[in-house]
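Scroll down for the structure; my scribbles are underneath it.
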Amino acid sequence: MPAAPANLDQILARCQQIAGLTLGQLAAELQVPVPADLRRDKGWVGQLLELALGASGGSQAIHDFPHLELELKTLPIDRHGKPLESTYVCVAPLTGATGQQWPESWVCRKLSRVLWLPILAERDMAPADRIIGQGFIWQPDAAQQALLRQDWEELMELIALGRLAQIKGAHGKVLQLRPKAADSKALTAAIGADGRPVLSLPRGFYLKVAFTRAILAQAFGLESER
DNA sequence: CAATGATCATCC
DNA sequence: GGATGATCATTG
């Protein structure tokens with residue numbers, strides 16, 4: 001298992017080494033078995049790349065590279081370089097976060113610096129054949145930060161006011177709130193419409209495709225359409 | 001249960 | 001085709 005990288009340059013160097021490899025090739029190097037499909041191994045890609053890059057953290061609520069305050073995100077893209085999915089950020093606090101300010105929020109902290117690792121992963125490609133792209137480190141610019149902050153503040157206000165049930169995935173501009181649970185029967189504490197505690201489906205913050213697509217376009221100078 | 005890693009599958 | 005809501009595995 002690769003050692004934890006000491007700095008950002010080491011991480012980027014490692015990214016250069018694995019760019020262009022298929023996930024099957026990388027898995028073979030690391031002696032990790034490859035699932036035939038991801039239906040029951042949805043986290044496999046992310047965990048493989050964590051291993052390859054020496055990320056730590058596991059299932060704890062901390063950065064992938066704690067000392068570097070760096071978050072690792074794999075990003076499945078199609079052959080045009082467009083993200084296939086929205087990107088999960090973190091679970092949403094449904095209680096006890098009233099009064100929390102944006103700079104202290106887990107969304108802001110996690111997104112303050114991200115190592116994006118595009119993976120060419122058309123749906124008809126077997127996991128082993130998916131190809132690792134060129135990873136890059138991103139930090140939100142002022143405009144991106146403002147969009148994230150605005151969406152976050154709106155969503156958190158609705159949560160605090162007990163309007164969680166009204167929030168749909170379409171609510172934010174770049175950030176959305178959607179279910180995040182093992183199934184529709186999972187429950188967690190939340191604030192009801194009358195302000196009293198209720199149980200509800202856990203939610204998570206996700207970045208919309210248009211936002212991650214813009215990040216890729218920014219990094220690679222691609223056209224943002226198509 | 002809640003956190004991590006996300007993709008699946010259905011509906012529009 | 002794309003987005004929304006549902007779901008899967010694993011760990012502490």
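Being a predicted model, the structure only gives us computed values, none of them experimental. Proteins get letters first, then strands, A, B, ... in listed order; numbering begins at 1 in each.
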Counting any heavy atom closer than 4.0 Å, what does [X] reach on the DNA or RNA strands: base, sugar-phosphate only, or nothing?
X: T188(A); result: sugar-phosphate
X: P202(A); result: nothing
X: R178(A); result: base
X: A186(A); result: nothing
X: G46(A); result: sugar-phosphate
X: L84(A); result: nothing

Side chain of [X]: nearest nucleotide among [options]?
X: R39(A); options: dA9(B), dT4(B), dT7(B); value: dA9(B)
X: V209(A); options: dC8(B), dG5(B), dA3(C); value: dA3(C)
X: K180(A); options: dA9(B), dT4(C), dT4(B); value: dT4(B)
X: K73(A); options: dT4(C), dA6(B), dA9(B); value: dA6(B)

Would you say [X] reaches [N]'s phosphate, i.e. side-chain N/O to OP1/OP2 under 4.0 Å?
X: W106(A); N: dT4(B); value: yes
X: R40(A); N: dA9(C); value: yes
X: Q176(A); N: dT4(C); value: yes
X: Y88(A); N: dT4(B); value: yes
X: T74(A); N: dA6(B); value: yes

Which residue lies toward the 5' end of DNA chain C, K208(A) or S184(A), if each is placed at its nearest nucleotide?
K208(A)
Which residue lies more 5' along DNA chain C, comparing A181(A) with H171(A) via nearest heavy atoms
H171(A)
So among V107(A), V174(A), D151(A), L148(A), which one has a side-chain contact (heavy atoms from CB on, under 4.5 Å) with L207(A)?
L148(A)
Would you say the side chains of Q144(A) and Q218(A) form a donor-acceptor pair under 3.5 Å?
yes
Under a plain distance cut-off of 3.5 Å, with no hydrogens placed, do Q17(A) and R14(A) share a side-chain donor-acceptor pair?
yes
Are Y88(A) and F205(A) an aromatic pair by the rule of ring centers under 6.0 Å?
no
Whole angstroms only, please: what is the CD-P distance between Q166(A) and dG5(C)?
13 Å
For K42(A) and dC8(C), what is the distance between atoms NZ and P respectively, to the nearest whole Å?
7 Å
Basic-acidic side-chain contact under 4.0 Å: E85(A), K208(A)
no
